[in-house]
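Structure first, commentary second.
All figures in this text were calculated on a predicted structure; none of them were measured in a lab. Just so it is clear: chains get the letters A, B, ... in the order the sequence lines come, proteins before strands, and each one is counted from 1.
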Protein chains: 2
Amino acid sequence: MARLSLNMDEYLPLRDVVFHALRRAILTGEFVPGERLMEIHLAQQLGVSRTPVREAIHKLELEGLVTMMPRRGATVAQISERGLKDVLEVRRALDTFCAGLACERMTDEDKQNLRKAFTAFEEAIYTKDTAIIAQADVDFHDIIINSTGNERLISTINNLAEQMYRYRFEYIKDASQHERLISEHRMLMDAILADNAEKAMKAARIHIDNQEESILTQIHLDEHR
Amino acid sequence: MARLSLNMDEYLPLRDVVFHALRRAILTGEFVPGERLMEIHLAQQLGVSRTPVREAIHKLELEGLVTMMPRRGATVAQISERGLKDVLEVRRALDTFCAGLACERMTDEDKQNLRKAFTAFEEAIYTKDTAIIAQADVDFHDIIINSTGNERLISTINNLAEQMYRYRFEYIKDASQHERLISEHRMLMDAILADNAEKAMKAARIHIDNQEESILTQIHLDEHR
DNA sequence: AGTGTGAATATTGTATACAAAACACAGAAC
DNA sequence: GTTCTGTGTTTTGTATACAATATTCACACT
């Protein structure tokens with residue numbers, strides 16, 4: 001009579017499975033901005049009914065990844081240059097705040113992890129693999145954000161960051177930026193390790209400023225093609 | 001054969017009607033934190049089917065007003081003291097940022113409206129009517145927030161503010177705070193009208209700090225009853 | 001009395017059905 | 001040729017049906 005607790009921890013409602021599938025497709029660019037998302041079509045493609053698809057799409061709308069018009073269905077959200085600037089403006093405020101908080105609140109263990117994540121990022125850069133670099137970048141920043149211990153702050157920043165993932169891929173590809181990324185990370189890390197809030201906030205601001213510049217030039221380049 | 005155009009301008013999907021109804025019920029305290037929200041029950045009560053109710057509940061979950069557990073349904077979100085502090089910490093960062101931006105971006109028309117809203121708030125205070133005061137307070141702050149012109153910032157702040165509405169009612173009732181509220185508003189307004197970002201940010205911070213203190217003591221009082 | 005078991009019930013998750021609105025396109029009118 | 005109109009199709013919105021899981025409560029067992 002063994003067999004207690006087979007891993008039913010991992011129950012996932014279909015709507016969440018669909019949600020993650022669609023979300024991934026949007027963030028990786030598989031679904032391009034402006035593309036229509038039709039319930040029946042997606043349902044058949046995924047082998048489920050319309051219901052979970054509808055619910056997943058609604059969730060994506062609330063996350064800002066799709067746009068819905070009543071009676072006209074959903075499309076993959078188009079982010080305008082203005083929209084992107086708006087997102088970055090809020091991120092600038094929150095990321096600098098976050099960097100300051102991290103200086104106050106980071107534990108020794110967090111600091112150890114931050115060092116590791118920095119090294120891992122350097123190594124990721126050498127691989128020249130965009131996906132690996134992007135992941136290492138997220139990991140590095142997650143350590144800082146999570147060290148604040150403020151769940152609301154964490155989810156707010158992550159939601160804002162998500163809006164830019166599609167464009168981040170583009171600019172991470174650009175190898176000419178890689179050295180700069182490393183040095184910016186180093187500056188941010190050093191400030192935090194030294195609990196120097198002033199410097200950390202400045203480093204965070206510079207990091208966002210440069211990201212904004214990169215992404216915007218990227219977009220402008222795309223426009224002229 | 002008259003009777004063309006009865007006001008169907010206002011087409012609203014049922015899910016949105018239900019959403020607003022439930023949202024209002026939660027924010028006014030008609031539904032208390034922890035209360036279960038059962039689909040069939042609500043559907044019958046509102047005279048609709050489960051579908052729009054489900055969709056409304058999901059939307060409320062994403063807004064953070066409802067907590068869902070898979071297969072166990074939804075309950076009105078309980079906000080912990082910790083959760084409240086977290087929300088306020090983020091608001092402090094964004095409201096101060098917002099106040100600074102307002103100084104740069106407010107048009108003369110906005111400034112005129114801000115003065116009007118300030119006077120309206122003063123008058124609202126004299127009525128001693130909680131609902132009116134709360135509305136005038138929202139109006140005043142909305143002018144500042146909207147003057148930034150940053151849609152993302154606006155919706156982020158509004159979402160955070162919403163989390164506290166239920167508690168705000170409690171502390172707005174406290175007449176001993178009224179004079180202080182007016183003077184804080186005046187300080188914030190004067191700084192913005194003078195385009196003094198430094199002072200405006202400080203005023204915004206003080207305003208949030210005092211709100212935090214009020215709400216937290218309110219909660220502690222409730223606990224001891 | 002307390003605990004465990006199981007059937008009855010209630011509730012959520014998913015699928016499907018039907019209604020109403022949007023869309024597309026062909027043909028008529030000018 | 002262009003615009004209007006009407007019909008057929010597609011798609012979304014809402015209701016309902018069915019399946020699977022959770023909850024409740026009575027009852028037996030210790």
Worksheet item: Got a second to check how far I125(A)'s CD1 is from Q177(A)'s CD, nearest 0.5 Å?
Response: 10.5 Å

Worksheet item: Separation of I57(B) atom CD1 from dT11(C) atom P, in whole Å?
Response: 13 Å

Practice prompt. Enumerate the residues from residues 32-49 of chain B whose closest heavy atom to DNA chain D is under 4.0 Å, giving them by residue number; use none for an empty result.
Written response: V48(B), S49(B)

Fill in: ring pair (Phe, Tyr, Trp, His ring centres under 6.0 Å) contacts touching residues 138-163 of chain A (sequence neighbours left out)
F140(A)-H185(A), H141(A)-H185(A), H141(A)-H207(A)

Worksheet item: In Å, rounded to the nearest 0.5 Å, how long is the span from CG of L114(B) to CZ of F121(B)?
Response: 12.5 Å

Fill in: Length of the CG-C1' vector between D16(B) and dG13(D), whole Å
11 Å

Item to complete: Return the nearest nucleotide to the side chain of R71(A); candidates are dA15(D), dA22(C), dA15(C).
Response: dA22(C)

Fill in: Atom-pair distance (CD on E55(B); C1' on dT14(C)), nearest Å
14 Å

Worksheet item: If you pin R72(A) and T51(A) to their nearest nucleotides in DNA chain D, which one's is more 5'?
Response: R72(A)

Worksheet item: Has R50(A) got a side-chain N or O lying under 4.0 Å from the OP1 or OP2 atom of dT12(D)?
Response: no

Worksheet item: In this structure, are over 12 heavy atoms from other groups packed under 6.0 Å from E213(B) atom CD?
Response: no

Item to complete: Supply the atom-to-atom distance E61(B) CD to L62(A) CG, rounded to the nearest 0.5 angstrom.
Response: 9.5 Å

Considering only distance and modelled atom types, tabulate donor-acceptor pairs under 3.5 Å from the side chains of residues 101-109 of chain B, sequence neighbours left out.
| unit_1 | atom_1 | unit_2 | atom_2 | d |
| --- | --- | --- | --- | --- |
| R105(B) | NH1 | E89(A) | OE1 | 3.2 |
| R105(B) | NH1 | T148(B) | O | 3.0 |
| R105(B) | NH2 | E89(A) | OE2 | 2.5 |
| T107(B) | OG1 | E109(B) | N | 3.4 |
| T107(B) | OG1 | D110(B) | N | 3.0 |
| T107(B) | OG1 | D110(B) | OD2 | 3.2 |

Worksheet item: What does the inter-axis angle of the helix from dA1(C)-dT30(D) to dC30(C)-dG1(D) come out as, five pairs per end, nearest 10 degrees?
Response: 10°

Worksheet item: Tell me: CE of M68(A) to C1' of dT11(D), nearest whole Å?
Response: 12 Å

Practice prompt. Check every strand shown and say whether R15(B) touches a base, only sugar-phosphate, or nothing at a heavy-atom separation below 4.0 Å.
Written response: sugar-phosphate

Worksheet item: Please give, in whole Å, the distance from dT14(D) C1' to L14(B) CG?
Response: 7 Å

Discussion item. Rounded to whole Å, please give me the gap between CD in E61(A) and P in dT12(D).
Written reply: 14 Å

Worksheet item: Does one side chain, of D139(B) or Q135(B), offer a donor that lies under 3.5 Å from an acceptor on the other?
Response: yes

Worksheet entry | K173(A): partners by salt bridge (charged side-chain N to carboxylate O under 4.0 Å, His left out), with sequence neighbours left out | E170(A)

Could you give the side-chain donor-acceptor pairs of residues 41-48 of chain B under 3.5 Å, partners two or more places apart or in another chain?
none

